[in-house]
Trainee: 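To start, I am sharing the structure in question, which I have written as structure tokens.
Note that the numbering runs from 1 along the sequence shown for the chain. These figures come from a predicted structure and were not determined experimentally.
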Amino acid sequence: LRSRGLGDVYKRQQQENVYTAVETATLPEAVTKAAAAKYTGYTIEAAYKGSANDYKLILKKDEGKVTAYFSEAGEFVKEETVTSPAAMQV
């Protein structure tokens with residue numbers, strides 16, 4: 001066996017996080033609790049699990065949508081505001 005060296009390890013760490021759709025019922029309890037606490041009144045419209053074992057949630061409240069990212073342990077990572085095409089028109 002030959003060692004691949006640290007360069008290969010670094011390259012593998014740089015791979016893109018790929019998200020796959022999952023049923024909201026299969027989300028870890030820590031994720032659903034964290035989302036409910038941070039986004040009161042929002043419902044989970046769609047959920048995705050990342051290849052890095054994190055979660056991407058599309059949350060909806062009235063006409064507003066937010067994409068929120070959480071770790072598997074329920075720690076908030078980041079948020080992106082979803083802008084509808086209608087809202088972009090002037």
Side-chain angles (χ1 to χ4, degrees):
L1 290 170
R2 224 173 108 210
S3 172
R4 294 189 198 187
L6 294 176
D8 288 338
V9 172
Y10 179 76
K11 286 177 189 173
R12 281 182 289 185
Q13 290 175 345
Q14 297 299 313
Q15 289 179 351
E16 185 179 341
N17 192 2
V18 178
Y19 289 92
T20 305
V22 294
E23 294 291 325
T24 56
T26 64
L27 291 171
E29 185 178 356
V31 172
T32 55
K33 282 186 173 182
K38 183 163 179 67
Y39 297 97
T40 305
Y42 281 78
T43 57
I44 300 174
E45 186 173 80
Y48 304 87
K49 182 174 183 177
S51 54
N53 288 326
D54 61 331
Y55 291 86
K56 172 182 173 180
L57 306 179
I58 310 297
L59 304 159
K60 183 176 182 179
K61 181 178 181 181
D62 301 323
E63 295 302 313
K65 284 188 184 181
V66 171
T67 301
Y69 296 82
F70 292 88
S71 72
E72 192 170 32
E75 298 164 335
F76 175 75
V77 177
K78 69 177 180 175
E79 174 185 300
E80 297 172 352
T81 304
V82 178
T83 307
S84 68
M88 295 174 68
Q89 295 177 353
V90 180

Trainee: For the OG1 atom of Thr43 and the CG atom of Asp62, what is their distance to the nearest 0.5 Å?
Mentor: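 Rounded to the nearest 0.5 Å, the OG1-CG separation comes to 9.5 Å.
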Trainee: Taking side-chain hydrogen bond (donor to acceptor under 3.5 Å, both in side chains) as the test, write out the residues that go with Ser71, two or more places apart.
Mentor: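 Listed in chain order: Glu75.
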Trainee: Does Thr20 reach the side chain of Lys49, with side-chain heavy atoms less than 4.5 Å apart?
Mentor: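 Result no, sub-4.5 Å side-chain heavy-atom pair not found.
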Trainee: Salt bridge (charged side-chain N to carboxylate O under 4.0 Å, His left out) with Lys33: which residues, sequence neighbours excluded?
Mentor: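 So Lys33 forms a salt bridge (charged side-chain N to carboxylate O under 4.0 Å, His left out) with Glu29.
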Trainee: Using the test side-chain hydrogen bond (donor to acceptor under 3.5 Å, both in side chains), find all partners of Tyr39 that sit at least two apart in sequence or belong to another chain.
Mentor: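 Applying side-chain hydrogen bond (donor to acceptor under 3.5 Å, both in side chains) to Tyr39 gives Glu79.
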Trainee: Listed by chain and number, what are the side chain to side chain contact (heavy atoms under 4.5 Å, CB included) partners of Ser51, not counting sequence neighbours?
Mentor: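 With sequence neighbours excluded, Ser51 shows a side chain to side chain contact (heavy atoms under 4.5 Å, CB included) to Asn17, Val18, given in chain and number order.
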Trainee: Listed by chain and number, what are the side chain to side chain contact (heavy atoms under 4.5 Å, CB included) partners of Thr26, not counting sequence neighbours?
Mentor: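 Per chain and number, Thr26 pairs via side chain to side chain contact (heavy atoms under 4.5 Å, CB included) with Val22, Glu23.
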Trainee: Work out which heavy atom in Ala34 is nearest to a heavy atom in Phe70; give both atom names and the distance.
Mentor: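 Smallest heavy-atom distance, with atoms named: CB-CE2, 3.8 Å.
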Trainee: If the condition is salt bridge (charged side-chain N to carboxylate O under 4.0 Å, His left out), which residues does Glu45 pass it with, not counting sequence neighbours?
Mentor: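 Result, salt bridge (charged side-chain N to carboxylate O under 4.0 Å, His left out) vs Glu45: Lys65.
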Trainee: Restricting to non-hydrogen atoms, name the atom on Tyr55 and the atom on Val31 that form the minimum distance, rounded to 0.1 Å.
Mentor: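 Taking Tyr55 first and Val31 second, the nearest heavy atoms are CD1-CG2, 3.9 Å.
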Trainee: Is any side-chain heavy atom of Ile44 closer than 4.5 Å to a side-chain heavy atom of Leu59?
Mentor: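 Yes; the side chains approach each other to less than 4.5 Å.
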Trainee: Going by the rule ring-ring contact (aromatic ring centres under 6.0 Å, His included), which residues pair with Tyr48 if we only count those two or more places apart in sequence or in a different chain?
Mentor: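 ring-ring contact (aromatic ring centres under 6.0 Å, His included) check on Tyr48 returns nothing, list empty.
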Trainee: Any chance you could measure Lys78, atom NZ, to Phe76, atom CZ, to the nearest 0.5 Å?
Mentor: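 Reported value, rounded in 0.5 Å steps: 10.0 Å.
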Trainee: Over all heavy atoms of both residues, which pair between Gly41 and Lys61 is shortest? Give the atoms and the distance, please.
Mentor: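 Residues Gly41 and Lys61, closest heavy atoms: O-CG, 3.7 Å.
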